[in-house]
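What you see is a predicted model, and the numbers here were worked out from it, not measured in a lab.
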Amino acid sequence: MRAAARSFGARWPDRVAASDPGLLRLAAGLRTVGAIALTLAVLSLLGADVSHLVAGAIASMVATFAVREKERGRQAVTLALGLPVALASVSLAALLTSRTVAGDFFFIALIFCAVYGRRFGDRGTALGLIGFQVYFMALFVGIGTSSLPGYLGVVAVAFACSATVRFLLVRQTPSGILERLRQAFRARLAQLLDAQLDLLDAGPDDAEKALDQVREGTARLHETAMMIQGRLAEGTPDETVARLVQRRIADAEIAAERLGLLLLTARSAERADTLTLHLPGAPLPEATRLPVRDEALDTLRHDLRALRLLVRHPAEAGSGTVLSQVRNRLLGYRDEENLPQAPPPVQDVFRGVGETARAVLGLRTALDGPQDESADSPETARSREELDAEDAAIGGAEEDEAPSDEVTGLRRPTTRAAVQVAVGSSLAILGGELLSAHRWYWAVLTCWIVFINTSSTGEILVKGYRRLLGTVLGVVAGIVLAGLVGRHTWTAFAVVLLCVFAMFYTAPLSYTLMSFFVTAALGVLYTLLHTYSLSVLVLRVEETALGAACGIVAAALVLPVRTDRRTNELLATVLERLSGVTEAAVEQLSGAPPVDLLEQARDLDQALADLRAATQPLTHPVTPLRSRRETARYVVALLETCAYHARSLAATAELLPTHPSIAADPRLRRAGARIVHNIGAIGARVTEERSTAQVPAGPSVAALLKPGVPGTPRYGRVTDRVLRHLQRLDEAVVGLARPLGTPVAAPK
């Protein structure tokens, strides 16, 4: 019992880190709740009434969540600029409260400017949010000209409290966030190894569940790697350190993903397709009968647990003799003579364990600094020498600048969205005032929100549906909570703080949950303002439905961007970046000068993440077009497979100048040229309806590299691995041709 308790106590920080990488959601919730609580405390000491307390709570929440920049200096500047914007917004709301027509026109103009401000980056987005939300707060509380001076003071106090919490009480520095993201990466890597071990031992009844856990673990590890990539520039002291961490994170991610594929192959009757790891619902390959008791498999299970132990233990805890021996044994599998007697697929898994152990060693060195080398075996010393040589070579690559392709006029996304939301808000004002002359602004708020972070009509439709569902459920919760708290002011505010924390903690996970907690909190606030009734909460649902409908109508009729068009644009971007990474990696593996391949690979990953988000309307469970949903899932999974192989090629090419067992092979250029041509042909069909481009079928990649002259040396193990990645990439690209409408030409 005590051992189990100690084990749980040792692992719960890893579980927290893995569930909330960087503790970003926890910090956002604590920061917002702290700002609201401090504002309420200060205002209560100043003798403010309930209306001023509610206004202060809303203003401090807005001042806190609107500022999203990463550098603390820029956050301070944005917060300082936000105060005059908020004061001007609340003043105009009070002055125009009795001038209905003028107030409506100004509100529409404010909404347009707030959305248009997104084109100026995080600061423009923040100032637009502050201007709109504070104006909404003035309408919600009912601020008039006579009470304006007091509310101006409330807003100033709210911004001051928000700054105090942000910069003093709940501090987050870029380096601290990056450190916590590194811990999350380790924790998620350990969880993925747990899932892979379960996959190895899973019986026929549990195999599909185990495979789903491996898929989820792989996706979560990749998500954390992307988050680290986005924080490297601000969280590291210089570019060289950033590139070093980037390379080690990429190595560990690729090695872990490859280890999962090798394990899948080891328990399959034939080599598993990489697509199996990326396509949800893909069946597990037909399994062979692994012996229940086998010395090699027992050793493999033991080594997977040992690898997980190395990942979980930080460097300062890993200087003991036992862990050094574990590390030396696992790295020994990189040499052929150390592999146990076993079938070839199982031996491949041992090789994968050795490569993953090397990636973990590099990761620990990059994240924790130099380590004790006194107990190193010859294999470990060789791995360290390779890592040191790679580290020394960092910084020599040339970084390509991406060409600017900014559109102008109404085609610019921010301009188009601003026009759409202005039209939708106009409709929401007209319809909302027909429902209620006093609370029409709820419809406008919903219309505004469904346009945030959306780019197509389908995305707006899905977001509107989720907000309406969350609002309906939140109304029920609001009725219950309002009945429980009654008119107990501080009890009500405590419930509101809990709802606000839950809202920010769940926002990245579920928009429906976020809307639920928002509506539940509003039900309690209505109680505090003595305006609570069942009819008010029902009106909230009606206004929300109306606002969502107005947003969807505006998106569909005013400068519409159909989901097909949006996904095609993003698909073309993914194919373009896939082609660029593949061509650059193959050229470097063929002997060309080095370029920044990992940066290009991460650009590909980001483009793929954007495409995955844009296809949500197509893959949503309630979509009536089932065949279209399956096609979208299949295409995204194939692209994820392509991205994995492209990342692996890029990582291998980056090792070329320093790794003793990797040599340039000019024969690879011919194989890469066919793949790049096929990607270009598919991209042409996606972007041009009249394109006649075809994907030529031909011999395997290995056949393209057969020596043409007797006596020409064949390739070694590392080149064999490159060939496997090229072969899988070639097969995946050809597989993309059919669902994307590109004809495959018969071999000549």
Given Glu253, which partner from the list Arg602, Arg188, Arg186 fulfils the salt bridge (Lys or Arg N to Asp or Glu O under 4.0 Å) test? Arg602
Assess whether side-chain contact (heavy atoms from CB on, under 4.5 Å) is satisfied between Thr446 and Trp442, documenting all intermediate values. CA-CA 6 Å; Thr446 300; Trp442 287 119; 5.6 Å; no
Non-hydrogen side-chain atoms of [X] and [Y] separated by less than 4.5 Å:
X: Asp605; Y: Gln229; result: no
X: Gln191; Y: Gln213; result: no
X: Leu363; Y: Phe185; result: yes
X: Phe493; Y: Val485; result: no
X: Val165; Y: Thr64; result: no

Can you find a side-chain donor-acceptor pair between Arg166 and Gln172 that sits under 3.5 Å? no
Within the 3.5 Å criterion, strictly below it, is a donor on Ser162 or Ser60 matched to an acceptor on the partner's side chain? no
Supply the atom-to-atom distance [X] [atom1] to [Y] [atom2], rounded to the nearest 0.5 angstrom.
X: Glu599; Y: Leu604; atom1: CD; atom2: CG; answer: 12.0 Å
X: Arg31; Y: Phe65; atom1: CZ; atom2: CZ; answer: 12.5 Å
X: Ile58; Y: Thr39; atom1: CD1; atom2: OG1; answer: 12.0 Å

Taking [X] first and then [Y], would you say they form a salt bridge - that is, a charged N and a carboxylate O separated by under 4.0 Å?
X: Lys70; Y: Asp122; answer: no
X: Arg25; Y: Asp20; answer: yes
X: Glu69; Y: Arg123; answer: yes
X: Arg312; Y: Asp194; answer: yes

Which residues share a side chain to side chain contact (heavy atoms under 4.5 Å, CB included) with Phe516, sequence neighbours left out: Leu473, Ala477
Between Thr236 (side chain) and Leu232 (backbone), is there a donor-acceptor pair under 3.5 Å? yes
If only atom types and distance count, is the side chain of Thr97 paired as donor or acceptor with the main-chain N or O of Ala93 below 3.5 Å? no
Can you label the angle between the Phe132 ring and the Trp448 ring as parallel, tilted or perpendicular, going by 30° and 60°? parallel
Classify the angle between the aromatic ring planes of Phe106 and Tyr135 as parallel (below 30°), tilted (30 to 60°) or perpendicular (above 60°). tilted
